[in-house]
Amino acid sequence: DRNRGDFRIVDGDYRPRYRNRIKGERPFTIGRVDLNPYSYFEVFYDCHSKRIDRLRYSAGMEWTLTRHVTLEGYYMRQHNRISGDNVNGIGAVVQWYFR
């Protein structure tokens with residue numbers, strides 16, 4: 001569980017937002033590769049309008065290839081409750097660590 005506050009200024013108005021994310025993950029190893037599948041659900045609460053204005057769902061997997069390189073692939077869906085717009089996306093991330 002992660003709780004977060006966004007202090008935003010939108011069109012000159014101060015519009016703070018509270019975000020709560022619940023994430024589940026289960027790391028395991030196959031051979032020499034560490035895998036970490038995950039999914040999460042996040043709620044965005046607009047403190048100015050006093051309502052939940054956005055929902056976000058995501059699922060993905062991280063692959064630790066070496067001590068220094070991790071790959072991540074994910075799918076994300078976002079539902080904007082005020083405008084009714086839905087956004088679907090897929091993404092990939094490469095992370096290099098200097099240890």
Side-chain angles (χ1 to χ4, degrees):
D1 186 37
R2 179 190 78 183
N3 293 286
R4 178 176 171 175
D6 295 339
F7 301 103
R8 309 175 308 144
I9 296 176
V10 179
D11 295 330
D13 289 335
Y14 176 63
R15 299 183 67 108
R17 182 167 59 189
Y18 168 72
R19 296 166 60 172
N20 181 254
R21 181 177 79 180
I22 297 173
K23 182 177 181 179
E25 57 187 336
R26 176 73 168 114
F28 61 94
T29 302
I30 296 178
R32 301 177 83 192
V33 178
D34 293 331
L35 300 171
N36 187 25
Y38 67 86
S39 65
Y40 72 79
F41 173 69
E42 188 167 10
V43 175
F44 294 70
Y45 178 80
D46 187 338
C47 299
H48 182 73
S49 64
K50 297 185 177 17
R51 63 181 171 183
I52 294 171
D53 65 349
R54 182 178 296 168
L55 303 171
R56 183 181 289 168
Y57 316 86
S58 183
M61 172 104 63
E62 293 179 351
W63 297 267
T64 302
L65 300 179
T66 69
R67 241 178 78 175
H68 302 283
V69 179
T70 300
L71 296 176
E72 178 182 356
Y74 63 90
Y75 165 77
M76 184 182 299
R77 179 172 175 84
Q78 180 172 289
H79 174 67
N80 295 312
R81 297 181 68 192
I82 294 173
S83 66
D85 295 334
N86 294 319
V87 178
N88 294 299
I90 57 172
V93 179
V94 177
Q95 298 176 51
W96 281 274
Y97 297 98
F98 301 103
R99 298 180 185 165

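One is the number of the first residue; the rest follow in order along the sequence. Just so you know, these numbers come straight off a predicted model, no measurement behind them.
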(request) Look up atom CD in Glu25 and atom CG in Asn36, then write down how far apart they are to the nearest 0.5 Å. (result) 4.5 Å

(message) What's the separation between atom CG in Asp6 and atom OH in Tyr45, rounded to the nearest 0.5 Å?
(response) 14.5 Å

(request) Determine whether Tyr38 and Ile90 fall in the same hydrophobic cluster, where Ile, Leu, Val, Met, Phe, Trp and Tyr are linked whenever their side-chain heavy atoms lie under 4.5 Å apart. (result) no

(request) Of all the heavy-atom pairs spanning Arg15 and Ser49, show the shortest one and how long it is. (result) NH2-CB, 4.4 Å

(request) Heavy atoms only: give me the nearest Gly73-Trp63 pair and the separation to one decimal. (result) N-CZ3, 3.5 Å

(message) Starting from Ile22, can I reach Ile52 by hopping between I/L/V/M/F/W/Y residues whose side chains sit under 4.5 Å apart?
(response) no

(request) Tell me yes or no: between the side chains of Tyr74 and Glu72, is some donor less than 3.5 Å from an acceptor? (result) no

(request) Quick one: pull up CZ in Arg17 and NE2 in His48 and give me the separation to the nearest 0.5 Å. (result) 13.5 Å

(request) Kindly assign one of parallel, tilted or perpendicular to the pair Tyr14 and Phe7, based on the angle between their ring planes and the thresholds 30° and 60°. (result) parallel

(message) Which residue is it: Arg21, Arg2, Arg54? I am looking for the one with a side chain to side chain donor-acceptor pair (under 3.5 Å) to Glu42.
(response) Arg2

(message) Nearest 0.5 angstrom please: Leu65 CG to Arg32 CZ, how far?
(response) 11.5 Å

(message) Using 0.5 Å steps for rounding, measure from the CG atom of Asn20 to the CZ atom of Arg4.
(response) 12.0 Å

(message) Tell me whether Arg51 is salt-bridged to Asp53, with the criterion being a basic N under 4.0 Å from an acidic carboxylate O.
(response) no

(request) Identify the two heavy atoms, one from Tyr97 and one from Arg67, that lie closest to each other, and give their separation to 0.1 Å. (result) CB-O, 4.3 Å

(request) Give the minimum heavy-atom separation between Thr66 and Thr64, together with the two atoms involved. (result) O-CG2, 3.4 Å

(request) Would you check if the side chain of Ser58 reaches a backbone N or O of Ser39 as a donor-acceptor pair within less than 3.5 Å? (result) no

(message) So does Ile82 get a backbone contact from the side chain of Asn80, meaning a donor-acceptor N/O pair under 3.5 Å?
(response) no

